[in-house]
Amino acid sequence: MAKELTSREENYSQWYNDLVQKADLAETSAVRGCMVIKPYGYAIWEKMQAQLDKMFKETGHVNAYFPLFIPKSFFSKEASHVEGFAKECAVVTHYRLKNSPDGKGIVVDEDAKLEEELIVRPTSETIIWNTYKNWIQSYRDLPLLINQWANVVRWEMRTRLFLRTAEFLWQEGHTAHATKEEAIIEAEKMMGVYSQFAREWMAMPVLEGVKSANERFAGAIETYCIEALMQDGKALQAGTSHFLGQNFAKAFDVKFLDKTGKLEYVWATSWGVSTRLMGALVMTHSDDHGLVLPPKLAPIQVVMIPIYKTQEELDSFKDYINNLKSKLIEKGISVKVDDRDTHKPGWKFAEYELKGVPVRIAAGPRDIAGNTIEIARRDTLTKEVIPIENAADYISDLLDKIQINLYEKSIVFRNQNTHHVNTYEEFKMKIEDGGFIYAHWDGTPETEEKIKEETKATIRCIPINEGSEEGTCIVTGKKSVGKVIFARAY
RNA sequence: CGGGGUGUAGCGCAGUUGGUAGCGUACCACGUUCGGGACGUGGGGGCCGGAAGUUCGAGUCUUCUCACCCCGACCA
């Protein structure tokens with residue numbers, strides 16, 4: 001048992017750390033707060049990227065790339081934006097090193113100080129809006145619908161693999177529109193894209209809503225978000241989409257001539273999801289045996305493991321499963337045959353369980369004699385023996401079933417951990433067990449702050465598309481227009 | 001940035017009042033095994049995080065540093 005996982009019950013965050021590293025998703029690096037994403041983890045990210053990118057293109061967006069460095073002066077142009085990010089920016093001050101005078105190593109060459117310091121982008125609004133100014137003159141240039149895949153740096157004090165790292169990978173969409181309404185529709189649409197991706201690809205249920213003022217993006221008028229519930233009862237913000245109003249247009253003087261010849265500021269949105277989704281994926285489905293991946297994002301969907309003693313038996317296994325393998329590949333299913341002679345079947349079973357491969361097929365002399373294969377499901381940890389004839393169709397259906405089962409299990413979990421409360425006392429009790437809590441709130445930042453200080457819970461989102469009824473705030477007793485969703489969050 | 005902890009073989013750890021480094025696992029070779037992480041035998045691998053000090057002698061004692069982990073404040 002070389003790779004024993006800490007159980008979730010014993011220590012949830014240790015379980016997460018163990019799992020990410022032992023399943024070969026990522027590891028900590030020599031650089032503080034920065035991770036190395038390993039090939040298996042990166043393969044999952046690539047699958048996420050591929051699907052998201054497709055969805056962005058389908059909604060009319062194109063990709064571009066903007067610089068890693070942002071002149072410091074750009075940053076200060078939007079007041080609340082700079083305030084939000086100033087505390088966590090990496091700054092480039094020099095452009096040259098030299099040999100240390102004492103002969104030991106190298107030092108920064110003080111003569112090579114930059115005239116204007118550069119910020120390593122924590123997000124790209126400023127450099128992008130500075131650029132858009134040159135691209136937009138008339139309503140005919142709008143809407144401008146651009147996305148970029150990039151890395152960003154936020155100098156976090158405490159980091160965790162995928163969930164919060166100093167450098168992370170993400171995509172950031174930045175759009176410009178002629179009207180406020182159009183920009184709002186865009187921001188809502190992208191939240192919908194994220195939500196759909198989370199449900200259908202990650203098999204992860206999410207709540208859709210808007211952020212309270214306290215939680216809003218620095219520089220946004222409205223922040224839309226999707227919020228997921230992790231197995232330990234903590235909420236995780238999985239994606240955000242911002243309606244930026246004309247804040248950045250005004251800060252960077254981006255105007256256009258409308259059809260009537262009037263000069264107007266453009267309306268903006270930005271939206272992003274990051275490698276944090278990897279953390280969400282791990283914490284939504286995985287168990288004490290290891291990773292559990294939804295088939296749609298699994299780099300290997302089916303692994304085939306031979307049971308054999310002799311070379312002849314191995315050869316006959318290969319012949320035996322070759323046809324099935326081809327049929328699966330024809331169906332677009334990714335298959336790996338693990339015929340390594342260096343590990344025993346039992347070892348391989350445990351390994352692929354740890355790595356979350358959705359379906360495992362094993363076959364040995366007994367199966368070959370009886371024209372059967374053994375199929376094991378990662379999500380339920382069940383095994384069955386089926387005839388190899390028509391196994392391809394069976395497996396194809398099974399992958400769909402697993403995808404659905406994971407989503408349904410997650411829905412059940414979330415429902416079991418979602419509560420409505422009517423008093424603050426009840427709230428304080430329920431919050432200790434984790435989960436989402438619906439409660440009436442008077443709409444003021446002060447009340448939210450008080451609740452956060454006393455219970456560590458924040459408003460994860462103000463639900464939309466759920467309908468709401470009036471009530472009274474659980475803390476102040478003042479009027480509330482509808483319940484909002486609280487949780488302790490990552 | 002506060003509070004706590006840990007740095008010794010790839011990984012996980014032990015190392016007594018200071019005496020020149022060991023266990024498990026992984027790795028390599030050979031043989032027996034192979035339907036849920038096999039076993040035996042033999043082998044390779046360490047500037048004991050770094051620097052300075054005390055000492056005849058430091059993994060062990062002292063000081064200083066650095067890194068990482070956990071818990072808070074901040075955050076996607």
Side-chain angles (χ1 to χ4, degrees), chain A residues 1-6 11-14 16-18 21-22 27-35 83-89 104 122-123 152-172 194 211 214-218 220 223 225-228 235-242 270-280 289-290 305-311 313-314 317 339-354 360-370 372-374 376 381 383 385 452-453 456 458 460 489-490:
Chain A
M1 290 292 193
K3 290 187 172 177
E4 198 65 53
L5 277 180
T6 305
N11 184 339
Y12 190 84
S13 65
Q14 189 64 46
Y16 174 82
N17 289 338
D18 281 3
Q21 302 202 44
K22 288 177 178 173
E27 61 187 37
T28 53
S29 74
V31 186
R32 177 194 165 79
C34 297
M35 64 177 162
E83 193 188 330
F85 286 105
K87 283 174 285 181
E88 50 186 17
C89 285
K104 292 177 188 165
T123 180
V152 287
V153 169
R154 296 180 188 177
W155 214 259
E156 299 292 346
M157 296 172 195
R158 246 186 91 204
T159 59
R160 293 191 69 192
L161 293 172
F162 290 120
L163 297 173
R164 180 171 302 108
T165 46
E167 179 193 17
F168 56 94
L169 306 183
W170 77 344
Q171 57 69 217
E172 46 182 326
Y194 291 153
K211 286 294 187 189
N214 287 356
E215 300 279 323
R216 201 175 285 149
F217 175 74
T223 288
C225 64
I226 56 170
E227 291 281 328
L236 184 83
Q237 179 172 304
T240 51
S241 178
H242 315 289
S270 69
W271 28 274
V273 293
S274 71
T275 36
R276 178 178 247 204
L277 288 180
M278 294 285 293
H289 295 264
I305 296 171
I307 312 291
Y308 66 99
K309 291 184 180 140
T310 63
Q311 183 64 42
E313 282 178 0
L314 177 58
F317 165 83
D339 58 0
R340 287 178 297 174
D341 194 37
T342 51
H343 296 285
K344 295 179 59 184
W347 189 93
K348 292 175 185 174
F349 291 174
E351 183 70 8
Y352 291 105
E353 242 157 49
L354 183 62
R360 184 185 74 228
I361 294 172
R366 289 209 299 271
D367 294 294
I368 297 173
T372 60
I373 52 171
E374 181 190 87
L381 292 167
K383 288 195 286 200
V385 175
K452 185 180 177 183
E453 273 169 25
K456 292 177 189 157
T458 49
R460 298 324 301 157
Y490 274 95

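Scope of the values below: all heavy atoms of this structure, side chains included, with no hydrogens, waters or symmetry mates. What you are looking at is a predicted structure, and each value in this text was computed from that prediction instead of being measured. Each chain gets a letter, A, B and so on, in the order the sequences are listed, and its residues count up from 1.
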Using the C1' atom as the reference point in each nucleotide, state the distance between B:U41 and B:U33 in Å, no decimals.
15 Å
Return the nearest nucleotide to the side chain of A:Ala362; candidates are B:A76, B:G35, B:G37.
B:G35
Counting only side-chain nitrogens and oxygens, does A:Asn17 get under 4.0 Å of the OP1 or OP2 atom of B:C70?
yes
Looking at the side chain of A:Pro365, which of B:C34, B:G37, B:G35 is the nearest nucleotide?
B:G35
Considering only heavy side-chain atoms of A:Glu351, the closest of B:G36, B:G37, B:G35 is B:G37
Measure from the side-chain heavy atoms of A:Arg360 and tell me the nearest of B:G36, B:C70, B:A76.
B:G36
Please work out if A:Tyr308 contacts a base, only the sugar-phosphate, or nothing of the nucleic acid, heavy-atom cut-off 4.0 Å.
base
P-based separation of B:C39 from B:U25 [nearest Å]:
8 Å
Nearest heavy atoms of A:Glu156 and A:Thr165, plus distance in Å:
CG-O, 4.2 Å
Nearest to the A:Glu353 side chain among B:C27, B:G36, B:C74, which nucleotide is it?
B:G36
Could you identify the nucleotide paired to B:G59, looking across every strand shown and requiring Watson-Crick or G-U wobble geometry with both distances under 3.5 Å?
none
At under 4.0 Å between heavy atoms, what does A:Thr342 touch on the DNA or RNA strands: base, sugar-phosphate, or nothing?
nothing
Under 4.0 Å, heavy atoms only, any strand: does A:Lys383 hit a base, just the sugar-phosphate, or nothing?
base
Expressed in whole Å, how much space separates the P atoms belonging to B:A9 and B:C1?
29 Å
Base of B:C47 relative to its sugar, syn (within 90° of 0) or anti?
syn
Taking any heavy-atom pair under 4.0 Å as a contact, classify A:Glu374: base, sugar-phosphate, or nothing.
base
Closest-nucleotide 5' rank along RNA chain B - winner of A:Arg216 and A:Phe349
A:Phe349
Identify the nucleotide, in any strand shown, that forms a Watson-Crick or G-U wobble pair with B:G2, with both distances under 3.5 Å; if there is none, say none.
B:C71
Side-chain N,O (A:Lys344) to OP1/OP2 (B:G35) below 4.0 Å:
yes
Find the partner of B:U16: check Watson-Crick (N1-N3 plus N6-O4 or O6-N4) and G-U wobble (N1-O2, O6-N3) distances, both under 3.5 Å, and reply none if neither fits.
none
Look through every strand shown and name the nucleotide pairing with B:A76 as Watson-Crick or G-U wobble, where both distances are under 3.5 Å.
none
With the side chain defined as heavy atoms from C-beta on, A:Trp347 is closest, among B:G37, B:C34, B:G35, to B:G37
Once you apply a heavy-atom cut-off of 4.0 Å, does A:Leu236 come out as touching a base, just sugar-phosphate, or nothing?
nothing
Whether A:Thr28 contacts B:A67 is assessed here as follows: a side-chain N or O lying under 4.0 Å from the phosphate OP1 or OP2. Is that the case?
no
When the P atoms of B:G24 and B:U17 are considered, how many whole Å apart are they?
24 Å
With A:Trp271 as reference, evaluate A:Gln171, A:His242, A:Glu172 under the side-chain contact (heavy atoms from CB on, under 4.5 Å) test and give the passing residue.
A:Gln171
Decide yes or no, distance alone: a donor-acceptor N/O pair under 3.5 angstrom between the base of B:G72 and the side-chain of A:Lys456.
no
Inter-nucleotide C1' distance (B:A29, B:G45), Å rounded
15 Å
Whether A:Arg360 and A:Glu351 form a salt bridge (side-chain N of Lys/Arg under 4.0 Å from carboxylate O of Asp/Glu) is what I want to check.
no
Does a sphere of radius 6.0 Å around CD in A:Gln14 hold more than 12 heavy atoms from other residues, nucleotides or ligands, not counting ones at 6.0 Å or beyond?
yes
Do other residues, nucleotides or ligands put more than 12 heavy atoms under 6.0 Å from the CH2 atom of A:Trp170?
yes
Say we look at B:A73 and B:G2: how far apart would their C1' atoms be, to the nearest angstrom?
8 Å
Taking atom C1' in both B:G3 and B:A21, compute the distance separating them and give it to the nearest angstrom.
34 Å
Heavy atoms only, 4.0 Å cut-off, all strands: where does A:Thr275 land among base, sugar-phosphate and nothing?
nothing
At less than 4.0 Å, is any side-chain N or O atom of A:Lys87 found next to OP1 or OP2 of B:C74? Yes or no.
no
Sticking with atom P, work out how far B:A38 lies from B:G44, rounded to a whole angstrom.
26 Å
Nucleotide forming a Watson-Crick or wobble pair with B:C39, both distances under 3.5 Å
B:G31
Testing the basics here: between A:Asp367 and A:Ala362, what is the closest heavy-atom pair and its distance to 0.1 Å?
OD2-O, 3.9 Å
Looking only at B:C27, B:A76, B:G36, the nucleotide nearest the A:Gln237 side chain is B:A76
